[in-house]
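Every value quoted in this text rests on a predicted model; they were computed, and no experiment measured them.
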Amino acid sequence: MRVCGKNKKQRALFVVDKLYDVLTDYLNHSESPKKKNAPLFPIQSGKAISNNRVLKMIKEYSVKANIKERITPHVLRHSFATEMYHQGVQLSAIQTMLGHSAKAETAIYVHVSDQLQKQALEHITIEGRVSWQ
């Protein structure tokens with residue numbers, strides 16, 4: 001699915017698993033938007049939900065889930081990029097998913113855990129031995 005992101009930039013939205021089924025049911029409903037460029041979740045006829053409303057909803061769900069950290073749509077993008085990287089998805093694929101034009105931009109989004117850093121260091125050897133021994 002293509003969505004309009006910041007600065008009207010087109011981004012790919014990957015819809016998987018149960019979300020795909022729910023979204024398909026929603027789009028097949030008689031009251032769902034029918035035009036390709038219509039807002040997916042309108043609050044009024046032809047008017048999209050605001051960024052502030054999305055932020056407020058995320059905050060409400062964070063409180064219900066007892067999450068103490070500040071969660072925003074941008075934090076969710078960072079979390080998505082990091083999780084994909086930790087699952088072994090190549091940086092170039094993550095770059096495409098996030099709609100970035102440069103890998104350096106994507107690399108900023110990926111937060112490498114201490115465990116992943118340690119695993120990478122364990123594979124570094126010099127003359128058949130671990131380099132830090």
Side-chain angles (χ1 to χ4, degrees):
M1 176 184 293
R2 306 292 276 154
V3 296
C4 189
K6 184 169 71 173
N7 298 325
K8 298 189 178 188
K9 188 174 187 178
Q10 289 234 341
R11 299 192 187 274
L13 177 65
F14 297 87
V15 182
V16 296
D17 301 330
K18 292 179 183 178
L19 178 57
Y20 178 84
D21 296 333
V22 171
L23 189 56
T24 301
D25 289 345
Y26 171 73
L27 292 173
N28 287 329
H29 191 275
S30 62
E31 294 182 21
S32 71
K34 300 302 178 205
K35 294 181 182 177
K36 273 188 170 182
N37 61 351
L40 186 58
F41 304 110
I43 55 169
Q44 297 173 356
S45 181
K47 187 171 180 182
I49 188 170
S50 71
N51 292 342
N52 286 339
R53 180 65 187 131
V54 171
L55 188 58
K56 186 177 178 182
M57 290 169 68
I58 290 171
K59 186 176 181 179
E60 289 170 3
Y61 286 114
S62 296
V63 168
K64 285 182 183 178
N66 202 26
I67 298 171
K68 303 295 182 203
E69 295 84 6
R70 184 171 183 260
I71 307 295
T72 65
H74 197 72
V75 168
L76 294 175
R77 278 178 60 82
H78 279 264
S79 299
F80 171 79
T82 299
E83 184 60 27
M84 291 295 99
Y85 187 77
H86 283 219
Q87 294 297 322
V89 176
Q90 292 181 357
L91 195 61
S92 59
I94 299 168
Q95 175 186 347
T96 300
M97 288 185 253
L98 294 179
H100 292 155
S101 55
K103 281 187 185 176
E105 189 178 0
T106 305
I108 294 168
Y109 276 72
V110 175
H111 304 280
V112 181
S113 69
D114 291 342
Q115 180 183 2
L116 199 58
Q117 290 177 33
K118 184 178 175 185
Q119 287 174 350
L121 288 172
E122 288 172 353
H123 289 85
I124 298 172
T125 58
I126 299 175
E127 297 176 15
R129 63 180 178 81
V130 178
S131 62
W132 60 86
Q133 290 181 343

* If you draw a 6.0 Å radius around CD in Q90, do more than 12 non-hydrogen atoms from other residues or ligands fall strictly inside? ->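 Check fails, neighbour count at 12 or below.
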
* **Exceeds 12 heavy-atom contacts within 6.0 angstrom, atom OH of Y26** =>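 Above 12, so yes.
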
Distance in Å, [X] [atom1] paired with [Y] [atom2], rounded so as to fall on 0.5 Å steps:
{"X": "H100", "Y": "Q95", "atom1": "NE2", "atom2": "CD", "result": "8.5 Å"}
{"X": "K56", "Y": "I49", "atom1": "NZ", "atom2": "CD1", "result": "11.0 Å"}
{"X": "F80", "Y": "I94", "atom1": "CZ", "atom2": "CD1", "result": "7.5 Å"}
{"X": "S79", "Y": "H74", "atom1": "OG", "atom2": "NE2", "result": "10.5 Å"}

Decide whether [X] and [Y] are clustered together by the hydrophobic rule: side chain heavy atoms of Ile, Leu, Val, Met, Phe, Trp, Tyr closer than 4.5 Å, transitively.
{"X": "L98", "Y": "V89", "value": "yes"}
{"X": "M84", "Y": "I108", "value": "no"}
{"X": "L27", "Y": "V22", "value": "no"}
{"X": "V63", "Y": "L76", "value": "no"}

Which heavy atom of [X] sits nearest a heavy atom of [Y], and at what distance?
{"X": "A81", "Y": "V110", "answer": "O-CG2, 4.0 Å"}
{"X": "R70", "Y": "V75", "answer": "O-CG2, 3.9 Å"}
{"X": "P33", "Y": "P39", "answer": "CG-O, 3.1 Å"}

* Just by distance, do the side chain of T82 and the backbone of H111 share a donor-acceptor pair under 3.5 Å? ->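 Checking the backbone N and O of H111 against the side chain of T82, a donor-acceptor pair under 3.5 Å is found.
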
* Ignoring hydrogens and geometry, is there a side-chain-to-backbone donor-acceptor pair from R77 to Y109 under 3.5 Å? ->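 No; judged by distance alone, with no hydrogens or angles, the pair does not exist.
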
* With side chains defined as the heavy atoms from C-beta onward, is the minimum distance between T72 and L55 less than 4.5 Å? ->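 Yes. Closest side-chain heavy atoms under 4.5 Å.
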
* To do: Could you check if a side-chain atom of L23 sits within less than 4.5 angstrom of a side-chain atom of Y20, using non-hydrogen atoms only?
  =>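 The answer is no; the side chains never approach within 4.5 Å.
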
